[in-house]
Amino acid sequence: MGIQGKSLIAPDDFTVEEIQTVISTAKEMMEVGPDAYRGLCADKILATLFYEPSTRTRLSFESAMLRMGGSVLGFGDANTSSVAKGESIADTVRVISHYADIAVMRHHKEGAPKLAAQYATIPVINGGDGGHQHPTQTLTDLLTVEICKGKLDEQVVAICGDLKFGRTVHSLIKTLTRLSIKKLILISPEELALPSYLRRELEQKGANMEEYTCLDEVIEVVDVLYMTRIQRERFFNEADYQRLKDTYILDARKLERAKQDMIIMHPLPRNNEIAYEVDDDPRAKYFEQAKCGVYARMALMSLQLGVL
Ligand code: NCD
């Protein structure tokens, strides 16, 4: 069937070849520059349905569509839509299907974008559902590694922080194990370790994986360090969040022992987990990563819409 017309709810919705097609298309778009794609989506409309706060995901989707000459409609705050009047997701997307050619949805409830895709007659993209999945962040992350480091199968990738609630982490790990990397290192407090369904999946696939609670212990062997925010909004009580929030703080001193060509990634927004002094270190790539987000989404949407 290919990517045209397909929804992207979880990374497994795309085959490995399809993921690679998105990444190579995005890379080419980045190298050529956005001007060459200005008319690509001239008659297309993107609907952004954001039931949960967002900066990068919503704006990078909008920027991607606008850069390809398309238009954007939608909401960034569900309280300004008919959701406030009790409208169901099924009804909203059935209507939106007549107003737009493609839609991206973010929702605090796990599974909401999946439900939307079942009722929509246009492709639906999951822009993050609760503590579950965030597949377009994964495309962004893979593009960043490809551009900054090259071959994925030569990398030791460490993911550090909130592995329990972090949806970017869940989508990234699921995908990395399908693409095969040299080694995956998971670093988290025990209470915020990877959910057991994902751990089982990794074990079944025989993934080369190690788990730690201390970043200092392993930083010197890492090629790609992916830092994440402790997900305050998913905690059941504030006291636990306060106790765990500053478990990992990457600063210049910690980086002294890291490889000179290691790259530091973060889906953003950051809290304290990366000190501001690190921003000047050439290894810091998180703003480059945010830039990659626009190209990853340009490539994804143009392939889904069949305009390339
Ligand atoms: C992430 C998210 O929303 O899951 N942000 C993003 O999309 N770049 C990460 C986070 O909120 O910690």
Side-chain angles (χ1 to χ4, degrees), residues 1-9 13-15 17-51 54-78 80-82 89 92-107 113 116-128 134-144 146-147 288-308:
M1 176 188 167
I3 300 176
Q4 187 175 347
K6 221 178 194 180
S7 290
L8 176 59
I9 305 303
D13 293 340
F14 280 19
T15 63
E17 291 71 36
E18 286 168 346
I19 292 170
Q20 281 160 346
T21 301
V22 177
I23 303 302
S24 58
T25 306
K27 192 175 174 209
E28 192 183 324
M29 286 175 151
M30 204 164 183
E31 281 160 5
V32 173
D35 285 355
Y37 304 94
R38 219 182 277 156
L40 203 56
C41 288
D43 54 350
K44 301 295 183 198
I45 300 175
L46 164 71
T48 56
L49 315 174
F50 278 68
Y51 295 78
S54 168
T55 304
R56 267 152 300 275
T57 303
R58 183 164 68 88
L59 297 184
S60 64
F61 264 106
E62 294 193 359
S63 171
M65 186 48 91
L66 295 171
R67 284 199 188 285
M68 296 190 292
S71 312
V72 178
L73 50 79
F75 51 84
D77 174 1
T80 63
S81 78
S82 278
I89 287 174
T92 302
V93 296
R94 274 191 281 214
V95 172
I96 298 291
S97 294
H98 299 298
Y99 297 170
D101 301 291
I102 191 163
V104 53
M105 173 183 279
R106 169 170 288 191
H107 206 286
Q118 280 158 8
Y119 285 92
T121 52
I122 56 174
V124 175
I125 302 166
N126 179 1
H134 194 346
T136 64
Q137 183 63 47
T138 299
L139 296 173
T140 300
D141 300 340
L142 294 177
L143 177 62
T144 311
E146 169 88 27
I147 290 199
E288 182 84 8
Q289 191 180 350
K291 175 181 164 190
C292 286
V294 177
Y295 293 95
R297 288 161 179 129
M298 279 173 69
L300 172 66
M301 287 191 290
S302 55
L303 289 163
Q304 286 174 305
L305 290 167
V307 294
L308 261 189

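Residues meeting the side-chain contact (heavy atoms from CB on, under 4.5 Å) test with Thr55, sequence neighbours left out: Leu59. With sequence neighbours left out, the side-chain contact (heavy atoms from CB on, under 4.5 Å) criterion links Arg56 to Leu268, Pro269, Ala290. Under the side-chain contact (heavy atoms from CB on, under 4.5 Å) criterion, Asp43 pairs with no residue at all, not counting sequence neighbours. Under the side-chain contact (heavy atoms from CB on, under 4.5 Å) criterion, Arg94 pairs with Ala90, Asp91, Tyr119, sequence neighbours left out. Qualifying salt bridge (Lys or Arg N to Asp or Glu O under 4.0 Å) partners for Lys44, counting only residues two or more places apart in sequence or in other chains: none. Evaluation of the ring-ring contact (aromatic ring centres under 6.0 Å, His included) rule for Phe75 yields Tyr51 as partners, not counting sequence neighbours. With sequence neighbours excluded, the residues forming a side-chain hydrogen bond (donor to acceptor under 3.5 Å, both in side chains) with Asn126 are Asp129, listed by chain and number. For Arg67, there are no salt bridge (Lys or Arg N to Asp or Glu O under 4.0 Å) partners two or more places apart in sequence or in a different chain. Take Thr92 and apply the side-chain hydrogen bond (donor to acceptor under 3.5 Å, both in side chains) test, not counting sequence neighbours, and it matches Glu87.
The minimum heavy-atom distance linking Ala117 with Ile9 is given by the pair CB-CD1, 3.9 Å. Contact record, Arg106 with Ser54: NH1-CB, 3.3 Å, taken as the closest heavy-atom pair. In this structure, Val124 and Pro113 approach most closely via the heavy-atom pair CG1-O, 4.0 Å. Counting all heavy atoms, side chain and backbone alike, Ser63 lies closest to Val294 at OG-CG1, 3.8 Å. Between Thr136 and Leu8 the shortest heavy-atom distance is CG2-CD2, 4.2 Å. Among all heavy-atom pairs drawn from Ser7 and Phe14, the shortest one is O-CE1, 3.8 Å.
Glu31 places no side-chain N or O within 3.5 Å of a backbone atom of Glu28 that could act as its donor or acceptor partner. At least one donor-acceptor pair under 3.5 Å links the side chain of Ser97 to the backbone N or O of Thr121.
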Please list every donor-acceptor pair under 3.5 Å in which a side-chain atom of residues 300-308 meets a protein atom from a residue at least two apart or in another chain.
{"unit_1": "Ser302", "atom_1": "OG", "unit_2": "Met298", "atom_2": "O", "d": "2.8"}
{"unit_1": "Ser302", "atom_1": "OG", "unit_2": "Ala299", "atom_2": "O", "d": "3.1"}
{"unit_1": "Gln304", "atom_1": "NE2", "unit_2": "Lys6", "atom_2": "O", "d": "2.8"}

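Counting only residues at least two apart or in different chains, salt bridge (Lys or Arg N to Asp or Glu O under 4.0 Å) contacts with residues 295-308 are absent.
Glu288 contributes atom CD, which lies 12.5 Å from atom OG1 of Thr140 (distance to the nearest 0.5 angstrom).
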Practice item. Mind running side-chain contact (heavy atoms from CB on, under 4.5 Å) on Met65 and Ser71 for me, showing each step along the way? Key: CA-CA 7 Å; Met65 186 48 91; Ser71 312; over 6 Å; no
Review point. Can Arg38 and Met68 be said to form a side-chain contact (heavy atoms from CB on, under 4.5 Å), step by step?
Key: CA-CA 4 Å; Arg38 219 182 277 156; Met68 296 190 292; over 6 Å; no
Exercise for review: Mind running side-chain contact (heavy atoms from CB on, under 4.5 Å) on Val72 and Thr48 for me, showing each step along the way?
Suggested key: CA-CA 7 Å; Val72 178; Thr48 56; 4.1 Å; yes
Point to revise | Verdict with supporting geometry, Thr25 and Tyr295, side-chain contact (heavy atoms from CB on, under 4.5 Å) | key: CA-CA 9 Å; Thr25 306; Tyr295 293 95; over 6 Å; no
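Between Val93 and Met105 there is a side-chain heavy-atom pair separated by less than 4.5 Å.
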